[in-house]
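Here is how names work: the chains are called A, B, and so on, in the same order as the sequence lines, proteins then strands, and each is numbered from 1.
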Amino acid sequence: MLDKTFNYKDAEPRLYDAWEKSGAFKASDEAGAAPFTIVIPPPNVTGSLHMGHALNNTLQDVLSRFERMRGRSVLWQPGMDHAGIATQMVVERQLAADGNQDRRSMGRDAFIERVWEWKEESGGAIFNQLRRLGASCDWSRERFTMDDGLSKAVRKVFVQLYNEGLIYRDKRLVNWDPKFETAISDLEVENKEIDGHFWHFKYPLENGETYQFPIAFDDDGEPTEWETRDYISIATTRPETMLGDGAVAVHPSDKRYAPIVGKNCILPLADRAIPIIADEYPDPEFGSGAVKITGAHDFNDYQVARRHGIALYELLDTKANMLDTDYIPQKYRSMERFEARNAVVADIDALGLLIETEDKKIVQPFGDRSGVVIEPMLTDQWYVNAEELAKPAIAAVEQGDTQFVPENWSKTYFQWMRNIEPWCISRQLWWGHQIPAWYGPDGSVFVAETEEDAKKLASEYDPELAGLLQRDPDVLDTWFSSALWPFSTLGWPEKTDTLAKHYPTSVLVTAFDIIFFWVARMMMMGLHFRDEVPFKDVYIHALVLDEHGQKMSKSKGNVIDPLGLIDKYGADALRFTLAALAAQGRNIRLSEARVEGYRNFGTKLWNAARFCEMNECRNDPQFDPSAAALPVNKWIIHEANICSADVARELEAYRFNDAAGALYKFIWNVFCDWYLELAKPIFQGMDESVKVETRAAAAWTLDQIIKLLHPFMPFITETLWEAFGPRANALIVESWPSADERLEAPEAAADMNWVIGLVSAVRSVRQEMNVPAGAQIPASFIGDGALGDRLSKHEAVIKRLARLSAVSIADAPPKGSVQIVHEEATLALALADVIDLDAERARLDKEVEKATKEIGIIDKKLSNKNFVERAPAAVVDEQKTRRADYEAQLEKLQAAQQRLAQL
RNA sequence: GGGCGCGUAGCUCAGUGGGAGAGCACUACGUUGACAUCGUAGGGGUCACAAGUUCAAUCCUUGUCGCGCCCACCA
């Protein structure tokens, strides 16, 4: 016996365990079944399940379970990312909290060992949370970006790209994070607008020189008034960087400054003569039109300085404190950068060289993980020639080898890929893949997969060198190893069966915010090392926002915890909610009410199953659904078959919301609302053969439902599957009910839709006429013999569902009747003295008016020559049919009006 | 500056070149041995605005207004 409600708290852990133990999640490498492969977007080892993960993994699991049931060899490859910065941060914080020494005093080896310990103890909590969600990953194949195999793949890729000239070392300006003291890539920088200042300074000309500077202009823009200046005016948002200025630049066409181009000005505070140069970079319209050039700390200035051979003055150490160096005045040496800023402004002001301090919104770069202001710094780093690797990756999407879903995201991909910059991959961290490069004391570089190989290379170059090599202390950007994920997890560089079978993967499911970080880079690496795209489809899903459309964040306090929802409503409810909301191309606003609603949906199904159980609807192996005789059974089998086709079609197109919607409608609005109601009189009736078929048909349909719903609601469906057993297989490995044309029964469907429409019409009128809900009303049908046939076939259900005490065929309605027109039938409800004639008259008038109006609209169309001539014939015919239907209805309504008038 | 997207019922959102939809909320009524986590019925929308294309526009095009996101070096 089924419990009163579904006990998900018991069922979830029990079933998950059983599935995993049974090996249902495991993919076989054997030939035969067509592969279906998804690599999980590896969560950070530090991560815990948030709503975005819940959505992402629900969708992957829906697809995995769907394809598994369809008989494909499903590999949902799980794994974790070592998350360089995030993990190092967590462990350092823990060290500090425990009062331990910091990582530098611990030393590198001890620290890394500590991180591994942390990983074993606390890492990967998210995997147990994914299990609670029901994720059917093949856990036997779990990978980690720093496990031996993946580390080997990383080294191999690095070495090969280096040998191909696609990885190189370069000294250039890089985004520097002073908190973590490492370089970061462009993508890890968030540009934010903040309230800042725009300081205007005077840089005096050398040797007290002066020039005439125009201050008023006529209508043609010609100067009419001048003042004598002994300085050039510059403006800056970062005054402390002036100590590193190597020049002042003006635009070559800027006549105001033409007299002083080529002369020197004196850099205040530093007392250094720097040239005034002409360059295309400054915008004469902006600020004073003159730009101070700080080549070592600004990306634009760096370009200008290089073009003109201007000296670069580095100002900051790795923590962004001012350097202790001779070209910086004593006072500012070792000062913190913002302290130095204040000091510089104050000192310039004291010298009388501060013209103005303007309040201004400025865009500043912040580290996405550290949250501190990023400094452009001149350092040696390793780079990937992304431009070269991007070429085939762009072509692959252009040719459709990989398709974005929704397709629109390919634009985002193209835009970034076509303007891609070199990718800085070295990080000055300890936790990560150490770069396989060794340096000789003379600066020579040897890149190899192992130290031995590097030594061999070195001794070929100089036999003395081998013993003196020093390994590059830096590690690689975490995304470098993530970029290999679709093939490294499958065994590459070994030639494994798994790799042969499951690469390229079928689909990547991810959110748009990592198209650049991850998708693009997997495309580049996959194509370069496998000569094939890493995935055929990229399904980009929405971001999950709170119910007001705000991003969830701890600081806003609007975070909805998926585990909390699972506790409260069950994993199935959460999963179905996320799938139902996952419409393409829009963000998801999640509200708890929605989850509650889909929990109710589960309960509804549960109760429907209880009803079936009570009525002894057992699965009958002898039952052949294509041979059902009763219209009601033929109809529900027909509808189930349509639902099956709909769900498969929508899932194949990644329209999760439509698939969920089709199931919801079929289960609730068709199966529960009508089929079970229609079955009730049968179960209560005396005809055993009819009962037998209906029991079998109900059980069969419930089975279809359970199968079709399983990818979305695995726990409740598996529970019901067991309850209606015994079964040969668990539902998770049961085969998907493919649509079957032998199950189509359009005539039965038309019949039942007629019954449903009629019952609905009667109910509607009863309500409108204030007929007490419990009252049994006698009714007579006015119509011909065909109607009689139809009627007698369905009399029992019509009587029951419409609450009619008796049904007869008549030529005219009895006195005191309400007349209902439904298709070819007019039904008279004998309400006798209950009826309010005026109300009935008004009701019929309204119906007539409605039909007349519709006919009018259609007539207008049909009388339009252009419409009849130019619209497709099918459309015209459709309108004609509609008109005929309304016309028939109208005639019946008018007949009803007449009859009413005679009473 | 470039790009993408969104304005449809009170709310959250589907959707379509030819008959405006769902869930929730709301109103009325609760009758039937699955279900009150429910049932039945109902109200509610010039599909942001304007012009154009079309026989036909909520849907296509353009523009306007409002909103969101991504990319970008204006000191």
Side-chain angles (χ1 to χ4, degrees), chain A residues 2 4-6 186-187 191 198 234-238 241 249 281-283 285-294 298-303 362-363 365 376 408-409 411-412 414-416 419 512-513 515-516 543 547-549 551 569 573 580-581 583 585-591 593-594 596-615 655 657-658 661 664-665 669 672-673 676-677 680-681 684 760 763-768 770-776 800-801 803 854 857-858 861 864-872 874-876 878-879 882 886:
Chain A
L2 290 170
K4 183 125 185 18
T5 53
F6 173 48
D186 298 344
L187 286 178
N191 291 304
F198 204 33
I234 60 91
T236 181
T237 56
R238 299 194 302 153
T241 64
Y281 164 59
D283 174 2
E285 305 293 318
F286 188 83
S288 68
V291 183
K292 63 193 265 310
I293 300 300
T294 319
D298 182 284
F299 288 99
N300 291 310
D301 293 5
Y302 181 68
Q303 299 301 329
I362 58 171
V363 177
N408 227 11
W409 287 108
K411 288 186 189 170
T412 303
F414 285 137
Q415 200 202 338
W416 189 70
N419 299 293
F512 71 83
D513 53 347
I515 290 179
F516 306 147
L543 253 34
E547 59 189 312
H548 307 292
K551 257 190 187 175
Y569 301 104
L581 292 177
R586 202 196 275 248
N587 289 333
I588 291 179
R589 296 192 190 190
L590 186 72
S591 69
R594 206 75 197 237
E596 191 185 343
Y598 289 120
R599 186 274 318 267
N600 295 353
F601 171 60
T603 306
K604 184 77 184 174
L605 172 62
W606 185 261
N607 280 307
R610 287 176 67 213
F611 174 81
C612 291
E613 186 186 47
M614 282 171 203
N615 287 285
R655 286 189 294 263
N657 59 321
D658 289 326
Y664 186 93
K665 275 206 182 88
N669 303 121
C672 292
D673 286 351
L676 295 184
E677 293 303 324
K680 279 177 186 174
Q684 285 159 18
S760 299
R763 283 171 173 172
S764 179
V765 169
R766 289 175 64 112
Q767 200 96 18
E768 207 174 331
N770 290 316
V771 178
Q776 300 275 341
R800 180 187 171 109
L801 298 185
R803 300 194 69 70
E854 289 294 338
I857 292 171
I858 299 169
K861 275 188 189 170
N864 181 345
K865 254 188 211 163
N866 284 325
F867 172 70
V868 178
E869 283 166 16
R870 300 196 194 189
V875 171
V876 178
E878 193 193 352
Q879 294 300 323
R882 284 188 62 217
Y886 277 117

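Under 4.0 angstrom from either OP1 or OP2 of B:U31 there lies no side-chain N or O belonging to A:R803. Of the side-chain N and O atoms in A:K604, one or more sit less than 4.0 angstrom from OP1 or OP2 of B:G39. Between A:R589 and B:C13 there is a side-chain polar atom (N or O) within less than 4.0 angstrom of OP1 or OP2. A sub-4.0 Å separation between OP1 or OP2 of B:U32 and a side-chain N or O of A:R800 is absent. Taking only side-chain nitrogens and oxygens, A:K4 never comes nearer than 4.0 Å to OP1 or OP2 of B:A34.
Taking the side chain of A:N600 as heavy atoms from C-beta on, and the options B:U12, B:U32, B:U37, the nearest nucleotide is B:U37. Of the candidate nucleotides B:A75, B:C70, B:A34, B:A34 has the atom nearest to the side chain of A:M614. Taking the side chain of A:Y281 as heavy atoms from C-beta on, and the options B:U40, B:C74, B:C35, the nearest nucleotide is B:C74. Taking the side chain of A:T603 as heavy atoms from C-beta on, and the options B:U37, B:G39, B:G19, the nearest nucleotide is B:U37. For A:N191, taking side-chain heavy atoms from C-beta onward, the closest of the listed nucleotides B:A72, B:G39, B:A34 is B:A72. Of the candidate nucleotides B:C4, B:C74, B:U40, B:C4 has the atom lying nearest to any side-chain atom of A:N408. Residue A:Q879 places its side chain closer to B:G18 than to any other of B:G18, B:C29, B:A75. Proximity note for A:F198 (side chain, C-beta onward) versus B:A75, B:A34, B:U37: the nearest is B:A75. Nearest nucleotide to the A:F286 side chain, out of B:C74, B:C4, B:C38: B:C74.
Comparing B:A36 with B:U31, their C1' atoms are spaced 14 Å from each other, to the whole Å. The same atom, C1', is picked in B:C13 and in B:G17; the two are 23 Å apart, to the nearest Å. Nucleotides B:G43 and B:G1, compared at atom P, are 50 Å apart to the nearest Å.
Considering only heavy atoms from C-beta on, A:Y281 comes within 4.5 Å of A:N300 through its side chain.
In this structure a side-chain-to-backbone donor-acceptor pair under 3.5 Å is present from A:T603 to A:R599. Remark: side-chain polar atoms of A:R766 are paired, donor with acceptor, to backbone N or O of A:R803 under 3.5 angstrom.
Residues A:Q879 and A:I858 share a closest heavy-atom pair of O-CG2, 3.5 Å. Nearest heavy-atom pair, A:C612 versus A:L676, reported as atom, atom and distance to 0.1 Å: SG-CD2, 4.3 Å.
Among the protein residues, A:K680 comes within range of the nucleic acid bases, having at least one heavy atom under 4.0 Å from a base atom. The residue A:C612 sits apart from the nucleic acid: no heavy atom pair falls under 4.0 Å. Backbone-only contact: A:N864 has heavy atoms under 4.0 Å from sugar-phosphate atoms and none from a base. Heavy atoms of A:S764 sit under 4.0 angstrom from primed sugar atoms or phosphate atoms, though from no base atom.
For A:R763 and B:U40, a side-chain-to-base donor-acceptor distance below 3.5 Å is absent, hydrogens and geometry of angles not being considered.
Cation-pi check for A:K604 over A:Y664 is not met; the charged atom does not lie both under 6.0 angstrom from the ring centroid and within 45 degrees of its normal.
Spacing between atom CZ of A:F512 and atom P of B:C70 amounts to 7 Å, rounded to whole angstrom units.
Helical stems in RNA chain B, defined as runs of 3 or more consecutive Watson-Crick or G-U wobble pairs with donor-acceptor distances under 3.5 Å: B:1-7 with B:65-71, B:10-13 with B:21-24, B:26-30 with B:38-42, B:48-52 with B:60-64.
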